[in-house]
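For reference, the structure discussed in these notes is given below.
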Amino acid sequence: EDMKPVISLETKHRAGKAVTLVRGILLNDNDLEQTAKSIKMFCGTGGSAKDGEIIIQGDQRDKVLQWLLKNGFRGAKKR
């Protein structure tokens, strides 16, 4: 696929708690929600999908990258 997801860690506006953000996955809302659900189950943590982003609680960058590469998102990279 042509998608190049970017995985980053963010703490701003989140009461000091870290979240892993995945941007650049161009899917409709329903597919994005299903992808987020699969990633959350793989990481064993909570999160959500909105505004074209997947938000995973905690620093899960390595696990998210592993899931994305395993599931065909070849251009995925960590920031």
Side-chain angles (χ1 to χ4, degrees):
E1 298 183 29
D2 290 338
M3 291 185 253
K4 298 209 180 332
V6 176
I7 304 161
S8 59
L9 188 70
E10 189 176 285
T11 56
K12 291 180 191 159
H13 310 298
R14 302 185 191 279
K17 297 195 186 311
V19 295
T20 302
L21 283 179
V22 184
R23 294 186 176 103
I25 296 181
L26 307 172
L27 297 172
N28 65 40
D29 288 344
N30 201 24
D31 291 341
L32 191 68
E33 193 68 47
Q34 290 302 314
T35 302
K37 189 174 182 179
S38 295
I39 293 173
K40 289 188 301 186
M41 284 179 56
F42 182 77
C43 293
T45 188
S48 65
K50 60 183 174 187
D51 301 330
E53 295 179 335
I54 296 175
I55 302 165
I56 304 294
Q57 294 174 352
D59 185 356
Q60 303 287 339
R61 291 175 290 182
D62 293 332
K63 282 187 177 181
V64 171
L65 180 64
Q66 183 183 352
W67 187 94
L68 288 170
L69 293 174
K70 191 173 87 174
N71 288 280
F73 295 93
R74 298 275 174 253
K77 63 181 180 195
K78 272 196 309 187
R79 236 193 316 148

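Residue L26 holds its CG atom at 11.0 Å from NZ of K4, rounded to the nearest 0.5 Å. Residue K78 holds its NZ atom at 12.0 Å from CG of L68, rounded to the nearest 0.5 Å. Interatomic distance, K37 NZ to S48 OG, rounded to the nearest 0.5 Å: 14.0 Å.
With sequence neighbours excluded, the residues that form a salt bridge (charged side-chain N to carboxylate O under 4.0 Å, His left out) with D59 are R61. Qualifying salt bridge (charged side-chain N to carboxylate O under 4.0 Å, His left out) partners for R23, counting only residues two or more places apart in sequence or in other chains: E10, E53.
T20 contributes a side-chain N or O that, together with a main-chain N or O of Q60, makes up a donor-acceptor pair within less than 3.5 Å.
The same ILVMFWY cluster, assembled from side-chain heavy atoms under 4.5 Å apart, contains both L69 and I39. Under the 4.5 Å side-chain heavy-atom criterion for ILVMFWY residues, no single connected hydrophobic cluster contains both L65 and L9.
Under the side-chain contact (heavy atoms from CB on, under 4.5 Å) rule, T35 has a single partner from I54, N71, V22, N30, which is I54.
Listed here is the closest heavy atom pair of K63 and F42: O-CE2, 3.4 Å. Closest approach of A18 to T11, counting heavy atoms only: CA-CG2, 3.7 Å. Residues I56 and A36 come closest through the heavy atom pair CD1-O, 4.5 Å.
As a member of the Ile/Leu/Val/Met/Phe/Trp/Tyr network built from side-chain separations under 4.5 Å, V19 groups with L21, I55.
Other residues, nucleotides and ligands contribute more than 12 heavy atoms inside 6.0 Å of the CG atom of D31.
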